[in-house]
**Q** 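Provided herewith is a single structure, encoded as structure tokens, for subsequent inquiry.
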Amino acid sequence: MTVKEAREEKIERYVPAAIEGKWADTWERTRLYETPDTLPGHENFYFLTMYPYPSGVLHIGHWYAAAPADAAARYLRMRGRNVLFPMGFDAFGLPAENAAIKNKMHPAESTEENMARMRSQFRAMGAMIDWRREVVTCHPEYYRWNQWIFLRFLEKGLAYRAKAPVNWCPKDLTVLANEQVIQGRCERCETPVVKRELEQWFFRITKYADELLRFDGLDWPERVRVMQTNWIGRSEGAELTFPVEGHPADAIRVFTTRADTFYGGTFVVLAPEHPLVEKITTPDRKAEVDAYVQKARNTAEIERIAEGTEKTGVFTGAYARNVLSGERIPIWIADYVLVTYGTGAIGGVPAHDERDWAFAKKYGLPIREVISPDGQTHGELDVPFVGEGVMVNSGPYDGTPGAEGRRKIAEDFGKRGMGGPTVTYRLRDWLISRQRYWGTPIPIVYCEKCGVVPVPYDQLPVVLPRDTGFTGQGGNPLEKVDSFVKTTCPTCGGPARRETDTMDTFVDSSWYMYRYLDNRNDKAFMEKDKGRMWLPVDQYTGGIEHAILHLLYMRFVCKALRDLGELWFDEPALRLQNQGMIVFSGRKMSKSRGNVQSPDQYVERYGADSLRMFMMFLGPWTQGSDWDAAGIDGTSRFLHSVWRLALSKPMPGAPDHDLEREIHHTIRKVGEDLEAYRFNTAVAALMKLENALSRASGPTRDEGVRTLLLLLAPFAPHIAEELWGRRGGAYSIHQQPWPVYDPALAKAEEIVLVVQVDGKLRDRLTVAAGLTEAEARAAAETSEKVKASIGARKVAKVIVVRDRLVNIVTS
RNA sequence: GCCGCCCUAGUCCAACGGCAGAGACGACCGCCUUAAGAGCGGUUCAGUGCGGGUUCGAAUCCCGCGGGCGGCACCA
């Protein structure tokens with residue numbers, strides 16, 4: 001069908017703007033996307049895609065995340081599932097508050113405005129969102145359940161307050177969770193973070209460290225499982241004790257994975273922030289030690305851990321005893337020992353650890369070989385030996401292999417009550433306090449008499465006050481709101497002060513998937529019976545950038561709520577699929593880089609359907625892509641062709657068997673590709689079918705067009721609906737069953753058999769599909785080209801790959 | 001430094017261990033058009049980053065190297 005023919009037939013042009021708004025209205029009016037909790041004859045399927053932060057407008061990244069997910073959900077719906085595809089907004093967070101300081105606009109206002117704009121953009125996209133179920137995390141109806149969860153966690157010891165060295169971002173003026181520090185810098189603003197000793201609220205995620213390492217029954221990408229496993233960082237070793245001279249009550253505990261090197265411990269190093277430092281430092285060393293500790297505290301993490309930084313440290317003046325070698329060894333402090341890992345102290349074994357080696361060399365500390373690769377001692381070492389070996393210079397343990405030595409020494413310390421085998425994790429408890437306004441108030445009151453008092457459940461929510469100033473100076477605006485801060489103690493009725501810290505917004509997103517199911521409930525965060533219809537989530541999709549943060553917290557909160565009797569399953573989402581990142585000229589799109597691409601101009605020019613299809617056509621969804629809008633012409637032209645094809649007059653002709661095969665093959669291909677999230681090849685298959693149909697005529701073509709529209713519906717919902725209707729199909733195409741293919745028809749009838757001689761292509765034979773090995777071989781051997789190629793050589797063997805190839809190997 | 005993913009026409013990408021091409025962009029040539037653009041039809045284009053290995057046969061599996069991206073990193 002060419003333009004000329006179309007004109008002769010007077011087919012009107014495809015104008016996306018003329019149909020897309022109309023269908024958005026109709027779908028809304030007919031409540032097409034409202035998903036009931038049960039639909040007789042249809043199994044429930046919970047398809048969750050990550051909700052966005054209401055940053056202003058939907059950008060290309062949002063489209064890339066949502067449009068393919070929507071297509072996959074629509075496909076499942078046509079396959080007969082009752083598919084829930086909800087959406088909401090991760091509406092608390094720093095950017096809105098920072099914008100408020102800059103633009104003098106209240107975050108609540110800007111957030112509401114942004115959400116309104118983004119909702120209408122989702123509508124323009126044609127996503128099958130059931131908006132009745134929307135959640136907005138900055139509304140008290142939502143965040144009261146954050147507070148409720150906090151209080152339940154508190155009751156169970158899963159939430160606690162502690163003084164700890166925490167990450168502080170000097171620009172955002174708040175503490176951060178470990179997970180929000182990327183290479184020593186604030187995840188958001190990339191400012192180097194510093195350590196501060198503060199009293200803060202934590203969630204006890206470490207209690208679940210071992211369970212979080214198990215992914216039993218989960219269909220999650222290997223990549224994410226590996227990242228989470230590395231993040232949790234389970235390490236088996238031993239905790240061993242060094243008694244401190246003159247301080248019988250203050251023995252130093254160290255963590256090591258190499259207990260077999262214990263005899264080589266010639267010094268002890270504490271982290272500068274270690275609590276014993278102050279106690280054990282001798283008066284003559286105090287000034288120097290204090291100065292070093294002070295300096296370490298004020299040094300950004302990024303400098304402390306920077307590669308090539310020379311090791312520094314100072315001697316405390318105190319001595320410990322190596323209980324195995326009996327030696328008196330000096331206690332140092334050095335910032336290469338991290339207070340946040342293990343026990344914050346190590347036994348320095350310079351002969352067998354590169355860091356200890358460098359430190360010992362610099363400060364002239366003794367180096368003793370205690371592990372030998374060959375069982376011999378070697379006197380002075382040139383380099384540290386960090387490999388496995390046999391214990392030497394280790395008294396009664398001499399000759400013991402390292403692995404056995406590790407076990408024995410750990411056990412021996414255990415028997416003496418001085419430690420024993422232990423496991424340590426890199427994962428720290430989740431720091432949830434934030435010194436910022438735009439978040440969920442932590443429901444705690446501080447009373448002079450009663451101390452730390454949780455706000456009673458019946459007084460929830462603790463509402464975030466609206467009237468605050470945003471100066472950007474002097475910390476959390478909440479502190480200055482007297483009506484909020486000044487309160488009475490729920491226990492004694494006396495004067496009290498409210499907690500002014502708010503919660504990390506990752507608390508909000510750790511359980512939002514439950515709230516969609518019962519978003520108006522004011523008695524519980526979710527009625528269990530409603531949850532049972534949908535949970536756990538069948539399919540979750542979202543950006544790979546959340547591999548650790550959100551996805552780890554979400555798993556933890558699920559397990560914690562399970563242990564509180566609120567949930568009945570171990571994992572929140574059974575199957576996870578991450579789309580890759582969409583970048584612009586190889587760089588992440590971000591406001592600060594000013595390279596954010598807006599989808600709106602493309603929607604205007606090409607229509608939402610073309611943009612949807614283009615997002616899916618860019619390349620493998622899981623790998624991400626570089627944004628290059630040039631290709632959108634391709635999907636746009638395709639839809640124009642479909643339009644003409646579907647509206648052209650049927651042409652007479654005979655049934656076309658080959659075309660019928662192609663149709664059935666395409667049904668199979670598109671379905672399989674959608675199930676595997678291979679949107680790009682699915683789109684290509686649709687294009688191929690359209691090409692074939694446009695060249696055909698007769699009844700098979702007509703049947704093919706009908707099928708094509710059904711297959712197209714998940715990808716381009718508006719045009720599919722329009723053409724379906726114009727061709728007399730019943731409303732709505734999105735409620736039609738997915739076409740069924742005939743497996744026999746989906747296969748080719750005739751195939752091209754490739755004949756090779758010694759691996760080189762010699763002939764191609766068109767033969768019936770399904771030949772036996774002997775038949776294929778016989779066919780190949782009758783080929784003149786093949787005979788000529790074999791010549792006088794002897795046939796050594798013949799390899800036959802059914803319906804594909806015959807390879808004749810000569811000797 | 002360690003771990004993972006990726007490298008195929010000018011570009012984006014396809015190819016159960018079996019003919020390197022499904023699809024698209026671009027370019028070029030036509031058609032259409034007063035013209036440009038758009039539209040339509042067609043043509044063009046790589047031996048798969050490099051070097052080995054396994055195999056009858058390797059883009060595909062294995063090893064090494066190079067380049068890109070991501071994660072972790074003084075973690076004891």
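Only heavy atoms go into these numbers, but all of them, side chains included; no hydrogens, no water, no symmetry mates. Chain A is the first sequence line, chain B the second, and so forth, proteins listed ahead of strands; every chain is numbered from 1.
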**Q** Identify whether any heavy atom of A:Arg804 sits under 4.0 Å from a base atom; if not, whether one sits that close to sugar-phosphate; answer base, sugar-phosphate or nothing.
**A**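 Here A:Arg804 touches the bases of the nucleic acid.
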**Q** In whole angstrom, what separates A:Asp633's CG from B:G37's P?
**A**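 The answer, rounded to whole Å, is 14 Å.
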**Q** Just label B:G10 as syn or anti from its O4'-C1'-N9-C4 or O4'-C1'-N1-C2 angle, using within 90° of 0 for syn.
**A**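 Judged by the O4'-C1' to base torsion, B:G10 sits in anti, the angle falling more than 90° away from 0.
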**Q** Round to the nearest Å and state the distance from A:Asp758 atom CG to B:C56 atom P.
**A**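 Those two atoms, CG and P, are 12 Å apart.
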**Q** Round to the nearest Å and state the distance from A:Leu686 atom CG to B:A14 atom C1'.
**A**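 Taking CG of A:Leu686 and C1' of B:A14, I get 15 Å after rounding.
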**Q** Just the rounded figure in Å: distance from C1' of B:C12 to CD of A:Gln623.
**A**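 Going from A:Gln623 (CD) to B:C12 (C1'), I get 12 Å.
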**Q** Under 3.5 Å, is there a donor-acceptor pair between the side chain of A:Thr810 and the main chain of A:Arg793?
**A**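 No, because the side chain of A:Thr810 does not come within donor-acceptor range (under 3.5 Å) of the backbone of A:Arg793.
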**Q** Write down the distance between CG (A:Asp356) and C1' (B:C74), rounded to a whole number of angstrom.
**A**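 So the CG-C1' distance, A:Asp356 to B:C74, works out to 10 Å.
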**Q** Below 3.5 Å, can you tabulate the donor-acceptor pairs from side chains in residues 680-692 of chain A to any protein atom, sequence neighbours excluded?
**A**
unit_1   : atom_1 : unit_2   : atom_2 : d
A:Thr681 : OG1    : A:Asp673 : OD2    : 2.8
A:Thr681 : OG1    : A:Arg678 : O      : 3.2
A:Asn691 : ND2    : A:Met687 : O      : 3.4

**Q** Quantified in whole Å, what is the P atom distance between nucleotide B:U33 and nucleotide B:A15?
**A**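 Nearest-Å result for B:U33 against B:A15 at atom P: 42 Å.
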**Q** In this structure, how many angstroms lie between the P atom of B:A76 and the CZ atom of A:Arg426, rounded?
**A**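 After rounding, the reported distance stands at 10 Å.
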**Q** Under 4.0 angstrom, heavy atoms only, what part of the nucleic acid is A:Asn680 near: base, sugar-phosphate, or nothing?
**A**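 Result for A:Asn680 = sugar-phosphate.
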**Q** Write down the distance between CD1 (A:Ile632) and C1' (B:C12), rounded to a whole number of angstrom.
**A**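 Going from CD1 in A:Ile632 over to C1' in B:C12 covers 14 Å.
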**Q** Over all strands shown, is A:Glu222 touching base, sugar-phosphate only, or nothing at heavy-atom distances under 4.0 angstrom?
**A**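 Answer is nothing: A:Glu222 stays at 4.0 Å or more from every strand.
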